[in-house]
Visitor: 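This is the structure I have questions about; it appears just below.
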Amino acid sequence: MERQYSLPAAPAVPAVSAVPAASAGRRPAALLLALALAGVAGNVAAAPLVELVAGLAEPRQVEYELVRRDGSVPVVFENGLAAKLGQWEKVFRAVSQERSAFAYNRPGYGKSAQVASARDGEHIVEELRALLRSKGLNPPYILVGHSVGGLYMQLYARRHPDEVKALVLVDSTHPQQYLGAGAYEQWPTLVRTSFKLLSSSIEMSEFKAATATGGQVLALPAPAGVRVMVLSAARPLGERSAYADDANAKRKDIVRLYPGAQLQWVDSGPDIPLERPEAVLAAIRAVAAGR
């Protein structure tokens, strides 16, 4: 049985603060730990449905939120590493007042059952695609992904460009994020140790597959005709290190991967969906309107 929500009216959207592209940056240790803890911080005021979903390669229990608005292009949210669907709650409630919206927990997160398949992007994208169709949500979609969720949504848009109207990348992982100076082996010892201790087995599986997922992304052309909006956090700019410099360069480079994409620097830390939900909402509204 599907749960339909009656939600309060969306709040007014204030202007989004911005900084010049030259100021790009990424907090090293603090960013990684924040991502690892995002699942805890993100579980706010959500009332998802948990049900056994048939029609999948591996029928399983899935935790999700779905609101239908007839005649609208559905907005599909993909969580960051270690995060759960509650991180989108502020955005979801506003978006779902205007159009169909779908958020879920990937296998192994929250109350969604684990699966036996690999945790690389190709499997995750096809699992999401099958899940959407099982719920009667037909393309095209507006795809919205945070952190590693942005990496998965990049792959979805490249594998199935005919199913995507627009792509909103929210402080997204770069396809080569964990190569070079960003490689796990190059992280400070304390960061590596903390990350390993804080991460569940499913989170580590996704993380270890992230470089392979990035290769899958770059092996395909950028999706023609898909509107792309890139939101990047502007606050983690002050730290300087080999890791930070490498991450800064990769953050800037995401826009290059999508000719015609628009870059917006948001006055926020890494967890933009919680800290500046109005920025994400404004981006969704802009791409939905073709701006």
Side-chain angles (χ1 to χ4, degrees), residues 1-5 46 48-70 72-81 83-88 92 95-96 99-169 172-173 175 201-203 205-207 209-210 212-217 219-220 223 226:
M1 186 176 83
E2 177 184 311
R3 181 172 299 172
Q4 183 77 32
Y5 294 96
L49 181 66
V50 180
E51 70 174 17
L52 180 65
V53 179
L56 306 178
E58 298 180 56
R60 65 184 187 276
Q61 179 174 288
V62 179
E63 185 175 23
Y64 69 94
E65 275 190 285
L66 170 60
V67 173
R68 299 181 189 275
R69 301 287 181 190
D70 291 343
S72 66
V73 175
V75 178
V76 179
F77 296 93
E78 186 67 77
N79 311 328
L81 185 67
K84 300 180 181 69
L85 60 82
Q87 76 166 161
W88 297 110
F92 189 95
V95 168
S96 61
R99 59 186 63 251
S100 296
F102 180 84
Y104 79 115
N105 284 329
R106 290 190 297 276
Y109 285 89
K111 296 179 181 178
S112 289
Q114 295 194 35
V115 294
S117 58
R119 295 297 80 205
D120 64 298
E122 287 187 355
H123 285 89
I124 288 172
V125 164
E126 295 309 317
E127 288 165 1
L128 172 59
R129 190 164 175 251
L131 179 58
L132 292 171
R133 292 183 182 276
S134 77
K135 304 314 299 177
L137 283 177
N138 297 318
Y141 308 114
I142 296 173
L143 302 180
V144 184
H146 175 238
S147 183
V148 76
L151 185 64
Y152 299 145
M153 290 311 208
Q154 291 181 62
L155 183 59
Y156 193 125
R158 289 176 183 240
R159 282 176 67 91
H160 306 289
D162 56 322
E163 297 181 7
V164 182
K165 173 183 174 66
L167 177 63
V168 179
L169 302 176
S172 175
T173 298
S201 60
I202 193 70
E203 292 157 12
S205 294
E206 290 186 350
F207 173 73
T213 298
Q216 294 163 2
V217 170
L220 297 169
V226 174

Visitor: What closest approach, in Å, do Gly136 and Arg68 show between heavy atoms, and which atom pair accounts for it?
Guide: O-NH1, 3.8 Å

Visitor: Spell out, as yes or no, whether a donor-acceptor pair under 3.5 Å connects the side chain of Asn79 to the backbone of His146.
Guide: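 No, because the side chain of Asn79 does not come within donor-acceptor range (under 3.5 Å) of the backbone of His146.
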
Visitor: What pair of heavy atoms forms the shortest contact from Ala54 to Pro59, and how long is it?
Guide: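 Reported closest heavy-atom pair: CA-CB, 4.3 Å.
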
Visitor: What's the shortest heavy-atom distance between Ser100 and Leu137, and which atoms?
Guide: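 Minimum heavy-atom contact is CB-CD2, 4.4 Å.
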
Visitor: Locate the shortest heavy-atom distance separating Val226 from Val164; write the atom from each residue and the value.
Guide: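 Of all heavy-atom pairs spanning Val226 and Val164, the closest is CG2-O, 3.5 Å.
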
Visitor: Please check if the side chain of Asn105 supplies one atom and the backbone of Leu85 the other of a donor-acceptor pair under 3.5 Å.
Guide: yes

Visitor: Mind checking whether Phe77 and Val168 have side chains closer than 4.5 Å, heavy atoms only?
Guide: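 The answer is no, as the side chains (C-beta and beyond) never meet within the 4.5 Å cut-off.
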
Visitor: Rounded to the nearest 0.5 Å, how far apart are CD1 of Ile142 and CG of Leu167?
Guide: 10.5 Å

Visitor: Is Gln61 reaching over with its side chain to a backbone N or O of Lys111, donor-acceptor style, under 3.5 angstrom?
Guide: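 Flag set: sc Gln61 to bb Lys111 pair under 3.5 Å.
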
Visitor: Suppose we screen for side chain to side chain contact (heavy atoms under 4.5 Å, CB included). Which residues come up paired with Val115, at least two apart in sequence or across chains?
Guide: Glu58, Arg60, Pro107, Ser117, Arg119, Glu127

Visitor: List the steps, then state whether side-chain hydrogen bond (donor to acceptor under 3.5 Å, both in side chains) holds for Tyr109 with Glu206.
Guide: CA-CA 12 Å; Tyr109 285 89; Glu206 290 186 350; 2.8 Å; yes

Visitor: Do we see a donor-acceptor contact under 3.5 Å between the side chains of Glu78 and Tyr156?
Guide: no

Visitor: Gln87 side chain to Gly80 main-chain N or O, any donor-acceptor pair under 3.5 Å?
Guide: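 Flag set: sc Gln87 to bb Gly80 pair under 3.5 Å.
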
Visitor: Is the backbone of Val148 close enough, under 3.5 Å, to the side chain of Thr173 for a donor and an acceptor to pair up by distance?
Guide: yes

Visitor: Please check this pair: side chain of Thr213 against backbone of Ala209, looking for a donor-acceptor N/O pair closer than 3.5 Å.
Guide: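 Yes: the side chain of Thr213 pairs with the backbone of Ala209.
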
Visitor: Could you report the tightest heavy-atom contact between Met153 and Val76, atom names first, then the distance?
Guide: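 In this case the closest contact between Met153 and Val76 is CE-O, 3.4 Å.
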
Visitor: Testing the basics here: between Ser134 and Val53, what is the closest heavy-atom pair and its distance to 0.1 Å?
Guide: OG-CG1, 3.3 Å

Visitor: Sequence neighbours left out, what pairs pass salt bridge (Lys or Arg N to Asp or Glu O under 4.0 Å) with at least one residue falling in residues 141-161?
Guide: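 Those involving residues 141-161 are Glu122-Arg159, Glu126-Arg159.
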
Visitor: Between Glu203 and Arg106, is there a salt bridge with N-O shorter than 4.0 Å?
Guide: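 No.
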
